Undergrad: 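There's a structure below that I have some questions on.
What you see is a predicted model; the values in this text were computed from it and never measured.
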Amino acid sequence: MKKLLLVSLALMTLTVAKAQLKVFPTLKKGMEKVYVTNTTMALPGQPEVAMDVETKYTVSDATANGYVIDMVSTSVSSNATTDNIAGQILVAAQEMVKDVTIRVATDKNGKLLNIQNYDEVSKAFDGRSKQMTEKLYQLIPQMKDVISEDALKGQLMENLNMEALFRSIKEATSPLALFGKTIMTGAQEQHTNEQGLKLNRMYFVNGRAVTTSSTLNMSKDEIKQLIIAQVEKLAPAQADMIKKNIDQLIDSGMMKIDVKETATYDLQDDNWPKKLAVEVVNEVVGQKSVSKSTITLK
């Protein structure tokens, strides 16, 4: 019996050891890849929204130490109607980054290192932020009574500072997300999404398919701090009331925050994804939204 148990453990160890994958992509100067993202979003109190985005990735430089990948969204389309406020905001946010080329440096294995042209990117975003604030005021007129144009613009640009922008590129689910990683079944990592929520991501490897499962990994105190910080920025007049009642609001479920994300990468032999399927379920302040995306190599 003891020998049988040892053999079983050895086989399990061998299986796990084999279930790993080095995602070192083929990168050559001049190489281009175009991906089409088809997304449907079910948002609270709004009709389902469909949005299509086409993004081009170009290896613009290659050195002995690594590569530079240019990424740019070249087209955006959606079925969001004019009275679908949430859908219009999502489309406007995507339009804000359309045609802005972001150059990302990698190491020899394709691991993302930094943004090389952030000053250029920042100027482009700064020029478009006024259009975005005007759009938000148009869609939600009462926002003018809550937050000034300068404060709203500052909040938008804060979410697009160098650290936040690079984190969103490096850690968000995208065709580049696995580059430079050696992945094993059961491996875990911590990451922060675009909303500032800390998540725990677990990996599962099956041949050339990689599945990731992410769940919220924040304490009650961390959630409290996040909520208060957001209220202080966007609705400072309500900050004292929120601080006073935050524990009661969270315990009652009125301020509940939860996130679950599942993604499956179907990798080609060159380690670029052929297809990527993503589902994200968000629950914020009692409101649930579901986003489903398919990212396909054109």
Side-chain angles (χ1 to χ4, degrees), residues 41-46 85-86 89-90 92-94 96-97 115 122 125 129 132-133 136 139-140 142-174 177 188-202 212-263 278-291 293:
M41 291 160 283
L43 305 165
Q46 299 284 341
I85 295 175
I89 291 173
L90 290 169
Q94 193 63 52
M96 185 175 174
V97 302
I115 297 174
S122 180
F125 288 158
S129 61
M132 184 66 182
T133 56
L136 289 170
L139 293 169
I140 314 174
Q142 58 268 33
M143 281 189 70
K144 291 183 179 180
D145 301 326
V146 178
I147 183 169
S148 69
E149 183 174 346
D150 287 343
L152 181 56
K153 179 181 176 181
Q155 179 67 20
L156 289 172
M157 293 307 296
E158 181 180 330
N159 292 333
L160 292 169
N161 65 40
M162 183 183 290
E163 181 182 352
L165 182 60
F166 180 64
R167 185 176 66 235
S168 71
I169 294 170
K170 181 181 179 182
E171 299 183 354
T173 303
S174 78
Q188 299 184 53
E189 66 181 16
Q190 308 297 314
H191 68 102
T192 303
N193 71 5
E194 295 177 1
Q195 289 75 45
L197 298 173
K198 297 178 182 178
L199 304 176
N200 182 70
R201 177 181 286 152
M202 181 176 287
T212 65
S213 177
S214 298
T215 54
L216 188 68
N217 185 28
M218 295 178 69
S219 67
K220 180 181 176 180
D221 283 343
E222 288 175 323
I223 292 174
K224 285 166 56 176
Q225 292 170 12
L226 180 67
I227 292 171
I228 291 170
Q230 290 299 313
V231 173
E232 287 178 335
K233 289 177 183 177
L234 299 176
Q238 300 179 28
D240 288 341
M241 184 272 291
I242 293 295
K243 289 178 183 178
K244 182 179 179 181
N245 298 291
I246 188 68
D247 285 297
Q248 182 179 349
L249 290 169
I250 291 177
D251 292 341
S252 69
M254 292 180 64
M255 285 287 185
K256 181 181 178 181
I257 296 177
D258 197 15
V259 181
K260 292 182 176 65
E261 177 188 289
T262 302
V278 190
E279 180 176 278
V280 182
V281 180
N282 285 297
E283 187 173 349
V284 180
V285 196
Q287 299 293 312
K288 184 177 179 180
S289 63
V290 180
S291 171
S293 300

Undergrad: So do the side chains of Met162 and Ser122 get within less than 4.5 Å of each other, counting heavy atoms only?
TA: no
Undergrad: Where the side chain of Glu232 meets the backbone of Ala239, is there a donor-acceptor pair that is under 3.5 Å apart?
TA: no
Undergrad: Let me check something: any side-chain donor-acceptor pairs from residues 281-288 under 3.5 Å, sequence neighbours excluded? List them with distances.
TA:
none

Undergrad: Are any of the side-chain heavy atoms of Leu43 and Leu90 separated by less than 4.5 Å?
TA: yes
Undergrad: Show every donor-acceptor pair shorter than 3.5 Å between a side-chain atom in residues 142-156 and any protein atom, with sequence neighbours excluded, or say none if there are none.
TA:
residue	atom	partner	partner atom	Å
Ser148	OG	Ala151	N	3.1
Glu149	OE2	Lys130	NZ	3.2

Undergrad: Rounded to the nearest 0.5 Å, what separates atom CD in Gln190 from atom CG in Asn217?
TA: 4.5 Å
Undergrad: Rounded to the nearest 0.5 Å, how far does NZ of Lys198 lie from CG of Leu226?
TA: 9.5 Å
Undergrad: Look up atom CG in Leu249 and atom CD1 in Ile242, then write down how far apart they are to the nearest 0.5 Å.
TA: 5.5 Å
Undergrad: Looking at every heavy atom in both Ala164 and Glu158, which two are closest together, and how far apart are they?
TA: CB-O, 4.1 Å
Undergrad: Minimum heavy-atom separation for Val231 and Gln238, please, with both atom names.
TA: CG1-C, 4.0 Å
Undergrad: For a quick test of reading the model, state the closest non-hydrogen atom pair linking Ala177 to Ala172 and the distance between them.
TA: CB-O, 3.4 Å
Undergrad: Are Met255 and Asn245 packed together at the side-chain level, in the sense that at least one heavy-atom pair is separated by less than 4.5 angstrom?
TA: no
Undergrad: Taking it one step at a time, do Lys220 and Asp247 satisfy side chain to side chain contact (heavy atoms under 4.5 Å, CB included)?
TA: CA-CA 9 Å; Lys220 180 181 176 180; Asp247 285 297; 3.3 Å; yes
Undergrad: Working to the nearest 0.5 angstrom, can you tell me the gap between Glu189 CD and Asn200 CG?
TA: 8.5 Å
Undergrad: Where do Thr212 and Arg201 come nearest, in terms of heavy atoms and distance?
TA: CB-CG, 4.0 Å
Undergrad: Let me confirm one number: the CD-CD1 distance from Gln225 to Ile246, rounded to the nearest 0.5 Å.
TA: 10.5 Å
Undergrad: Give me the one residue out of Leu216, Val278, Leu199 that meets side-chain contact (heavy atoms from CB on, under 4.5 Å) with Glu261.
TA: Val278
Undergrad: Just wondering, are more than 12 heavy atoms of other shown residues or ligands nearer than 6.0 Å to NZ in Lys256?
TA: no
Undergrad: Would you call Asp258 and Lys260 a salt bridge, taking side-chain N to carboxylate O under 4.0 Å as the test?
TA: yes
Undergrad: Would you please name every residue forming a side-chain hydrogen bond (donor to acceptor under 3.5 Å, both in side chains) with Asn161, sequence neighbours left out?
TA: none
Undergrad: Are any non-hydrogen side-chain atoms of Ile140 and Ile89 less than 4.5 angstrom apart?
TA: yes
Undergrad: State the CD1-CD1 distance between Ile223 and Ile228, to the nearest 0.5 angstrom.
TA: 12.0 Å
